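From a predicted model like this one, the values you see are computed outputs, not experimental measurements. Atoms considered below: every heavy atom in the structure, side chains included; atoms not considered: hydrogens, waters and symmetry mates. Whatever order the structure lists ligands and atoms in, that order sets their numbers, starting from 1.
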Amino acid sequence: MGSTVDRARLKGLMDRELSRFEADHPKSGELFERGKRNLPAGVPMPWMTEWAGPYPVFVREAQGARFTDVDGREYVDLCLGDTGGMTGHAPKESVAAIAEQAGKGITLMLPTEDSIWVGAEMQRRFGLPYWQFCLTATDANRFTIRLARAITGRPKILVYNYCYHGSVDETIITIEGGVAGPRPGNIGPPVNPTETTRVVEFNDLDALEDALAHEDVACVLAEPALTNIGIVLPDPGYHGALRELTREHGTYLVIDETHCICAGPGGATRAWGLEPDLLTIGKPLASGVPAAAYGMSAEVAERAQAYLASVPTTDVGGIGGTLSGNALSLAAMRATLEDVLTDEAFERMIALGGRWADGVRTAIDAHELPWTVQRLGCRAEYWFCPEPPRNGGQAAALDDHELARFTHLYALNRRILLTPFHNMALMSPATTEEDVDAHSRVFDEMASELTAR
Ligand SMILES: Cc1ncc(COP(=O)(O)O)c(C=O)c1O
């Protein structure tokens, strides 16, 4: 456990790293101070204060798997916009398609031919035949939840403890001390989410069965593996049982592939042979241009169409967005799927994910740290415990903020960016073996300093 780390040593090392960060990043520090004049907390969004340093590095430019900050320092980017940049930054095929489409019109409220190509490609990858397009994975999840409630006539959804599906009111719920309620930090919930949502632990089939037995759950919204409280993999057989139980109780299964696309070109759905009724995905679909999609089985599409035909309008009913399905997003999605996040690219990226995990594991063993590594395709993560957790509650209880801040800042000061909020690394088509090995060396150095006697 993290508790085996000498806390006095950790504090000394952290103070040293904080001083080093400030000395190395004067221009970012200046911009941060200037930013405070007009941006609360000096940054465009509140979560941008959660990086390990006293302030975030401000970016000058990013190319492939690297970016340069305003102080002229170049980094290996293993955060990759926490999956929004999984394509690598500014991939040339996408940039060309984006520039071309931008010159021909960005948003029209009318469809373009690209939408038809992308719909067919989404079916090839994920199996579901019908698709709709919007701008964020949050919206894709909100819209599928609305559709599922509308066509089943059921009021509730079900999610996993410590899931994350974006800023979707129904999903910001956890179980604390055995009691479900608004997740700690839930900002201004419209209602107590227990009114809209049932929440169970991942990998707990009994709890799932009990919750579904009420027969008031329109859909289960599930990541195939939890990825937002660290990577928590499903037990063998879990997904088969989840599918069986949802069918038995007339509940739709929505699979959120926004992060689990790291498992392969068709996400975990294709890699593990899942059979969702609906599927959502956002973030990397258009190389970072806002774009998201939700897919439906033929049965759901038919019921959804019948429902939509029965209501007076479809534009003000809660599924919409003026910019949804715009020409630019669709052109960028097409280029991304056709030329960047290809089947061949995934082969390389997944091998790099394995190399990253091996590098970390070797250092953990060499320094006899009771830590472990978990991986899903081209996404991998280290845990400060000997066995990876099996559910969100266990994962949340393992949080060691002090230690995680140190390991992140240590890497950042040595020009490697990890995903904030957990100890995650993601590989892009532009990531190289050298990038991965650079992290392994820095991780080994960090482990050596932390355990030195
Ligand atoms: C699994 C999953 N779904 C949905 C989202 C929401 O994505 P966005 O913030 O782009 O709407 C996230 C964001 O981290 C996510 O991890």
Salt-bridge criterion met for R243 and D277 (N-O under 4.0 Å): yes
Pocket residues of ligand 1, ordered first by chain and then by residue number (heavy-atom cut-off under 4.0 Å): T136, A137, T138, N141, Y164, H165, G166, E223, N228, D256, T258, H259, K283
Selection residues 105-114 - residue pairs positive for side-chain hydrogen bond (donor to acceptor under 3.5 Å, both in side chains), sequence neighbours left out: D114-R334
Within residues 191-216 or reaching into it, pairs that qualify as ring pair (Phe, Tyr, Trp, His ring centres under 6.0 Å) - sequence neighbours excluded: Y160-F202, F202-Y238
Sidechain-backbone polar pair: T342 side chain, A345 backbone, donor-acceptor under 3.5 Å: yes
Within residues 373-395 or reaching into it, pairs that qualify as salt bridge (Lys or Arg N to Asp or Glu O under 4.0 Å) - sequence neighbours excluded: D235-R390
Derivation of the side chain to side chain donor-acceptor pair (under 3.5 Å) call for R183 and Y164: CA-CA 11 Å; R183 181 175 181 148; Y164 186 70; over 6 Å; no
